[in-house]
Each structure stands twice: as C-alpha cells, then as structure tokens.
**Q** 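Let me give you the structure first, and then I'll get to my questions.
Within every chain, numbering begins at 1; the chains are lettered A, B, ... in the order of the sequence lines, protein sequences first and strands thereafter. As the structure is a computational prediction, the values presented were derived from the model and not from experiment.
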Amino acid sequence: MIINLAWKNIWRNKTRSFVIIGAIALGLFSGTYLSALMTGWVMDTVNADIKINLSHVQIHDSTFLQNSDIGAFFNKTAVEQQFASSNINGKMTCRLKLNGMLASANNAVGVTAKGIFKDTEMTVSDIATQIPDSFGVFLPDDARMPVVISEKTAEKLKVRLKSKIVFTFSDIHGNMQSLAFRVSGIFHTSNGLFDEANVFVRYNDIFPVTGLPDEAVHEAAVLLPDIETCALDFPKIKDLYPQLKVQDWKELNPMLSMSLQWTNLMSVIIISIFLFALTFGIINTMLMAVLERTRELGMLGAIGMSKRKIFSMIMLETVFLTFVGSIIGIILAVALLLPSLQNGLDLTPLIGNDFEDFGGFSSIVYPILNVEMILEIIGLVILAGILSAIYPARKALKLKALDAIRV
Amino acid sequence: MTTIIETKNLCKTFKDSAQEVHAVENVSLNIAEGEFTAIVGPSGSGKTTLLNLIGGLDNATSGKIVIDGQDISMLSEKQMTEFRLRNIGFIFQAYNLIPVLTAKENVSFVMDLQGRKKSETNARTRELLEAVGLSDRMDSRPAKLSGGQQQRVAVARALASKPKFILADEPNANLDSKSAQHLLEMMEKLNEQEKITFIFSTHDPRIMAKAKRIITLEDGKIVSDEYK
Ligand SMILES: Nc1ncnc2c1ncn2[C@@H]1O[C@H](COP(=O)(O)OP(=O)(O)O)[C@@H](O)[C@H]1O
Ligand SMILES: [Mg+2]
C-alpha cells in the first residue's frame, strides 16, 4: 500500500521526476558504457599481447632476465618433457633469444632475433598470422635462411621481401658472428614497440653459430586456454621448475596488468564523482517534493499514518526514482553496446591509429560488459539514493500534522 | 448515552512574540455517543483549535481530554497517531484527499493502515462509496471530482476506520450551498441510521439549524450550549 502510494507519488511531478531519472540514467549510461569500453580496450590489448608477445607464462634461466646473457640457457627437452608429463592443459614452445644488430645496405638497427621452432611456435603465438597478404609468409620450410621482420624494421632498413640482411651478434665465446638472411615475410602487429624490437628466424639456422651446447634455449613460452586458467595453472608450472624463473603475463608486463586495475579504478572514480553530484540532485528534488506536500503529509499523519510509514514512503519514492533511472541507463548502455560486442567499435575516426605505436592499443575496441560491475553500480546508486533521501524524509517527519490542515 | 469525549478546563494559549492569545479557555464539555453537535462562533473564536485538541493534533496548554476513558495527554506522539487511526475520523475543510489515489484507494487507505484484511477492506470501501452516492466514481482521482464529490469521499474515508466519532472542521465552507446541503443531509442520515457521532464546526446558519446540539464559542470560551 505504501509501495503503491510511493510509486504513484513519483509521477505527480513528471518533469521533475524525469529530470532526475534522466540524470541518473545518463550518469549510469555513461558509466556503464565507458567502463565496458575501457575494459574492452584493455582486455583487447592484454589478449593481443598474450597471443603475440607474452603468452601466459614464460620460463627463463633466472640470470637471463637481468642481462639477456647468451649463456643463460637451459635444456629444451628436459623442460618440455617435464611439462608434457604434468597434467597441465597447455602448449609450450622454446626459443633462442639473441640480441644483435640487423643491417641492410642502407641502415642498421638493434633487435632481438628469436630462433624458433615453427611447429610449436605456431601453436603458442599468433605471430605467423600477423603477416598481411602479399607481405610474404612466416619462415617457409623450403626457403634458405629466411627471416621475418616487422614493417617498421623493413622501413628503417629500406628493405622489402626477398631482400638480404645481415644479423650480427656475439656468440657464447664472445666472438662476433654474422649471418645473412633473406626476408621471407613482413609482419605488422598493433604493438609498435614489439614490432621494432623483434625478428624471427629458424632455431636450426642460427643455433650452429652460437656455440651453445645441444638443445640450448633461452625461453620457453606456455599458452594456456585463457587468463582464468592461467591464474590456476601458473603456480603449478612454477612448482614444476624450481631452478628456473617462471613468470606469468602479469609479471612479464606489469604495465599491462596495472592498466587493467587502473581501468576498474577509473570506473569507480567516475561513478563516485557522478554519485556525489547525484546525491545533491536527489536531496534537492526530494526536499522540494516533501516541502510542497506539507499539507498532504500532515493530513496523512492526522488520519493515522505513523511517522515510520511516512518515512518509509519518502525513502521508497527516492529508491524508485533512482532504481528507474539506473535501469533505464543500463538498458540504454547495454542496447548501445550490444551491436559492438561482436563486431567491435572502430574508434579510428576519434583517436586515429596513433595509439598503435604505443604499446599495442588497437583502434577497434570490443567492449566487455561486466555484470558484476553493473550490479555493483546499481547497488551504489541505490545506496546513494537512500542516503540522500534520509534528510528530506527526516524533514517530512518534522512537519506537524496540525500545520497541514490549518486553512 | 455513554460519554465518549470529556474535556475539563481545557486551555490553549498561543504565545506570539508580543501577545498571548487564549484560543481556547476553560472549556469543559461532555459529548455522548450518537451526538450530532455543531461548534459555532465567529471567525477566530477557537473552533478549529478546540477540534484540533479533541482530535489529538495539538497539545493543550492545560486541562484534560478523556476519550473513551483514555486521557489522551498521557499518550506519546506515536501512540496518539495510532489512537487517531483507531478511534477518530477526520473531515477537513479543504477535503485533503490523497491526490494520486482514486476515490476507492483513498477510502481503503485508512483500512490498509489499520491492517485490515484485503477482502474486508474492499467490501467496506464499496459499501461506503455507495452510501455517499459515489459508486460510479470509485476509480476517479480527486482532481476529476467536484468539491462536493471530494468531500463525500472524505466522509467515506472518515467512516472507513469505524471511528468512535468524526471531527469535521467547517466541512461545508468550500462547497456551494446545494452541495453543502447534500453533504449535511448525508451526515445526518449516517448519524440517524448508523448512530455515527459527528462533531463539526460551522458558521453557516442553515447548517446550524440541522444540528441537535449547538455549542457556541466566543473568544475561546463556551457562551452557550443548547440541545434541540
Ligand atoms: N498556530 C497559531 N499561532 C498563533 N495563534 C493562533 C494559532 N492558531 C490559532 N491562533 C489564534 O487562536 C484564535 C482561535 O483561532 P481558531 O481556532 O482558528 O478559530 P476559528 O477556527 O474559530 O476561526 C485566533 O485568534 C487565532 O489567531
Ligand atoms: Mg477555523
């Protein structure tokens, strides 16, 4: 009965109710929309970086990370067998990582050459798919000394497909070694830094000149089904190799995992600012609603409606207002987001492609709706509604029944 | 007849910055069950103040009001609200219906507050609105009703809680003479047939004429108290 009355009361001044509902809806809409966009953007980046660069877990000799020393290697077969005999559902590939100078007739750049095993590499990383049509192929088996470089590197060296380039590095004994390669493919990822730093060659092409013992590799990369599985399996993998340094994607790229946390924090901050402003709006609206109803509230008291019930009624009115606003805002946000959940949202017209040079932000965003977050937001809005209703509702109680009826 | 309202040396003094107004002064009266009593007197004579005191809407400065054996000055504000809900029906000069509720809902409202069964409430609402001649306007909101019709809804509402008595402060003041006449006849009928106790204030001579007892106030004091 009070519920019925409260519901009807919020529609007595439609303009005012719509204004406050609109404000709540707009705030929640932008909050939900922005946070879905930001989460999507960051998750895209995270996933792209995992698929192309980081994998979920990487294993190195513990000294390798400090100085990328060519001598900080481990035995490929031992590590692979240990992984295979565990019951972890994932793929592993091993790599040599050699820092050196890549030179063409025109120019030279410092890069890391990754000596990879193509078969396993392609089960772990998506790098082979980052070569556009007519930009060659990823280390074909029949080619002699193929190398895959990025578009950026190709531009710097002023080379194209089939061009000859020379990679120079120091072997395990400190002797300079030079190897000539031919460009078999040119890749392009959304991570400009990665593109500049990495080139890919076959393990067997580069291994003989390193002077390393048989089966030596610098890095093992593991791809697990997804981030959630990674959280569970990472400790197990760590236990598998007590002598080696085992890191998950968060440790490997702290910036990345931090930006994920930042996104959530940003959403919370935005919503909090909005809620703070909202509180004043609600107080103002409900105060007006109470004061202009002085006579009616007094009458309700006179005919025997208890203060507790009057208080509840005003509180309910506020909750209804905020609830309706939240629902409208969220429905709006979800409706607008739905088409872009599948196909992504192309932000190129807004931000251009500049972000790609800058650590892998793609211009196409696949928004992610976080249901938990939405429920949390609704909860917060209603809480803000309740808190801001208390003052007007108390004001309503101070009105004396008598003052209401005097003509 | 049993006495349901008894006031003893009732006083209400309003203190303005400068002056004191003795709105009700030493009023002692008894009202018995089934009365149809008019409180009359010029504007400012204390009619509203007296009715507010009897209805427990205002606290007396001194004196005592006993309703149905209960000294209402002993009740807390919360208890008083509950007491009004159970024992007193109100009809206001400005109707004061709940604007967002229909006639039917306005009448049911008090019974809902009392916590009566839905079926009982619905039946009684229908019955009361029929009794005041509004069975065809049950689903109209107050704004869609004439003043006379609104005041009849207010009468039905006042009756809904099965109160011991009904207080009506100038119930006719906002009505045209025909509606006023009609309303009074209805109250009269309810009084005669249902034995409902009415205490109403007025300064309309035609309405005074219908009353069975007329208490006249002047400057807050009873100057005459006549039974017909
Ligand atoms: N809240 C109040 N504050 C001060 N004076 C009041 C108040 N209410 C009534 N009065 C005074 O008390 C007297 C009686 O008023 P009232 O009971 O309204 O008379 P009536 O209803 O007969 O016109 C008047 O002089 C009025 O000015
Ligand atoms: Mg008056």
**Q** What do you reckon, is CG of B:D219 surrounded by more than 12 foreign heavy atoms closer than 6.0 Å?
**A**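 Count not over threshold, so no.
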**Q** For the CZ atom on A:F311, are there more than 12 heavy atoms of other groups (residues, nucleotides or ligands in this structure) within a distance under 6.0 Å?
**A**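 Yes, enclosed.
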**Q** In terms of heavy-atom contacts, does CD1 of A:I3 have more than 12 from other residues, nucleotides or ligands at under 6.0 Å?
**A**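 No - once you tally the heavy atoms of other residues, nucleotides and ligands closer than 6.0 Å, there are 12 at most.
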**Q** Where does A:L300 contact chain B at under 4.5 Å (heavy atoms): side chain, backbone, both or neither?
**A**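 Side chain of A:L300 only, per the 4.5 Å heavy-atom cut-off to chain B.
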**Q** For B:E77, I'd like to know if atom CD has over 12 heavy atoms of other residues, nucleotides or ligands within 6.0 Å.
**A**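 Count not over threshold, so no.
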**Q** Which atoms of B:E105 come close to chain A, meaning under 4.5 Å heavy atom to heavy atom: side chain ones, backbone ones, both, or neither?
**A**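 The side chain, not the backbone.
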**Q** Where on B:Q114 is there a heavy atom nearer than 4.5 Å to chain A: the side chain, the backbone, both, or neither?
**A**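 When you check distances to chain A, no heavy atom of B:Q114 falls under 4.5 Å.
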**Q** Could you measure the distance from the CG atom of B:L113 to the CD1 atom of A:I303? Nearest 0.5 Å is fine.
**A**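 Reported value, rounded in 0.5 Å steps: 6.0 Å.
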**Q** Can you name the nearest heavy-atom pair linking B:T81 to A:G301, along with the distance?
**A**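 Heavy-atom minimum between the residues: CG2-O, 3.9 Å.
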**Q** Could you measure the distance from the NZ atom of A:K309 to the CG atom of B:D112? Nearest 0.5 Å is fine.
**A**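 Here the rounded value is 9.0 Å.
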**Q** Within the 4.5 Å heavy-atom criterion, are B:F109 and A:N4 side-chain neighbours or not?
**A**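 Of all side-chain heavy-atom pairs linking A:N4 with B:F109, none is under 4.5 Å.
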**Q** Give the member of B:I98, B:L97, B:I88 that has the highest number of heavy-atom pairs under 4.5 Å with chain A.
**A**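 Heavy-atom pairs under 4.5 Å are most numerous for B:I98.
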**Q** Mind checking whether B:L101 and A:K8 have side chains closer than 4.5 Å, heavy atoms only?
**A**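 Yes, at least one pair of side-chain atoms sits under 4.5 Å.
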**Q** Taking B:R84 for the side chain and A:G304 for the main chain, is one N or O donor matched with an acceptor at less than 3.5 Å?
**A**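 The answer is no, because no donor-acceptor pair under 3.5 Å joins these two groups.
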**Q** Determine whether more than 12 heavy atoms belonging to other residues, nucleotides or ligands lie under 6.0 Å from atom NE2 of B:H22.
**A**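 Yes, enclosed.
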**Q** Heavy-atom count check: over 12 atoms from other residues, nucleotides or ligands less than 6.0 Å from A:M266 CE?
**A**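 Atom CE in A:M266 is not packed in, count stays at 12 or less.
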**Q** Taking the side chain as everything from C-beta on, heavy atoms only, tell me whether B:F90 gets closer than 4.5 Å to A:M299.
**A**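 Not in contact.
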**Q** Check this for me: A:E372, atom CD, are more than 12 non-hydrogen atoms of other residues, nucleotides or ligands nearer than 6.0 Å?
**A**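 It does not: A:E372 CD has 12 such atoms or fewer within range.
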**Q** Taking everything shown except A:W11 itself, do over 12 heavy atoms lie less than 6.0 Å from its CH2?
**A**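 Above 12, so yes.
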**Q** Between B:R86 and chain A, with a heavy-atom cut-off of 4.5 Å, which part of the residue counts as in contact: side chain, backbone, both or neither?
**A**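 Neither part.
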